[in-house]
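In what follows, chains are A, B, ... by sequence order, proteins preceding strands, each numbered from 1. Atom set for the values below is all heavy atoms of this structure, side chains included, hydrogens, waters and symmetry mates excluded.
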Amino acid sequence: MKTFEKIYEIVSGIPKGKVLTYGDIAITLGLSPRVVGYALHANKDSKNIPCHRVVFKDGSLATGYAFGGKDIQKKLLINEGVDFIGEKVDFKTSLFS
DNA sequence: CCGTTGACCAGGC
DNA sequence: GGCCTGGCCAACG
C-alpha cells in the first residue's frame with residue numbers, strides 16, 4: 001500500500017458530518033503533515049475522497065488550492081451537518097475521533 | 001539521483 | 001495577536 005493510498009483510506013473513512021485535521025492524519029500514519037496536504041492536493045479521486053472534510057488544526061479551511069474556494073467548502077460541510085464558528089469548524093461537535 | 005516543492009504546524013518576533 | 005521562519009517527509013522534474 002502506497003502512502004497516498006493510506007491517506008485516501010483514512011479520508012474516505014470520515015463519516016458524514018465529521019471532519020479531521022491534516023495533522024491528525026499525519027500522526028496516525030506516522031508522517032509529516034506536509035505529506036498529507038500533498039496527497040490531498042494530488043487527490044485524483046475527489047469524488048470518492050471527501051477532501052473537504054479535512055481542515056487545519058485551527059479549524060480553518062484551505063484557501064486558493066481547494067476546489068473553488070473555502071466558502072464552497074464551508075457550504076458543503078454545513079450541508080453535511082458540520083457546525084461552523086465563523087470561518088472555522090466547530091471541533092467540539094464535529095471532530096472525528 | 002538530487003534539488004525543489006508543497007491543501008501543514010509550532011514557535012519566535 | 002498577526003506575520004515570518006524553520007522543520008518535517010514524500011512526490012515531481
Side-chain angles (χ1 to χ4, degrees):
Chain A
M1 168 105 60
K2 301 170 80 70
T3 308
F4 274 34
E5 305 282 329
K6 295 196 284 189
I7 296 174
Y8 295 152
E9 187 74 27
I10 293 186
V11 175
S12 61
I14 304 175
K16 180 185 176 205
K18 297 280 181 177
V19 295
L20 263 186
T21 68
Y22 294 96
D24 277 345
I25 300 173
I27 293 169
T28 302
L29 297 178
L31 299 170
S32 176
R34 292 201 161 256
V35 182
V36 179
Y38 199 93
L40 288 181
H41 182 202
N43 174 23
K44 55 181 180 52
D45 293 309
S46 48
K47 47 177 166 40
N48 292 328
I49 298 166
C51 38
H52 57 271
R53 291 183 190 157
V54 185
V55 297
F56 280 69
K57 212 160 183 227
D58 206 287
S60 40
L61 311 175
T63 61
Y65 289 88
F67 31 90
K70 55 182 181 185
D71 43 338
I72 306 297
Q73 182 176 7
K74 183 181 173 185
K75 271 190 200 170
L76 280 169
L77 291 173
I78 292 177
N79 191 282
E80 293 185 350
V82 176
D83 280 332
F84 262 78
I85 302 177
E87 296 300 310
K88 298 182 180 181
V89 176
D90 183 12
F91 286 129
K92 296 190 302 298
T93 64
S94 304
L95 181 62
F96 178 54
S97 42

Looking at side-chain heavy atoms only, is the closest gap between [X] and [Y] below 4.5 Å?
X       : Y       : value
A:Lys18 : A:Arg53 : no
A:Phe84 : A:Val89 : yes
A:Phe96 : A:Ile10 : no
A:Ile25 : A:Val11 : yes
A:Val55 : A:Gln73 : yes
A:Tyr38 : A:Ile7  : no

Query - ILVMFWY network linking A:Leu61 to A:Ile78, side-chain heavy atoms under 4.5 angstrom - result: yes
Report summary line: Stems for DNA chain C (at least 3 consecutive Watson-Crick or G-U pairs, under 3.5 Å) come to B:2-6 with C:9-13, B:8-13 with C:2-7
[X] [atom1] to [N] [atom2], straight-line distance once rounded to whole Å:
X       : N     : atom1 : atom2 : value
A:Leu40 : B:dG6 : CG    : P     : 16 Å
A:Leu77 : B:dA7 : CG    : C1'   : 14 Å
A:Ile25 : B:dC9 : CD1   : C1'   : 14 Å

Query - Most 5' of A:Cys51 and A:Lys57 on DNA chain B, judged by nearest nucleotide - result: A:Cys51
Report summary line: In numerical order, the residues of residues 79-97 of chain A whose heavy atoms come under 4.0 Å of DNA chain B are none
**Report entry** Contact pattern, 5' to 3', of nucleotides 8-13 of chain C - B, S or - by protein heavy atom under 4.0 Å
**Finding:** BBSSS-
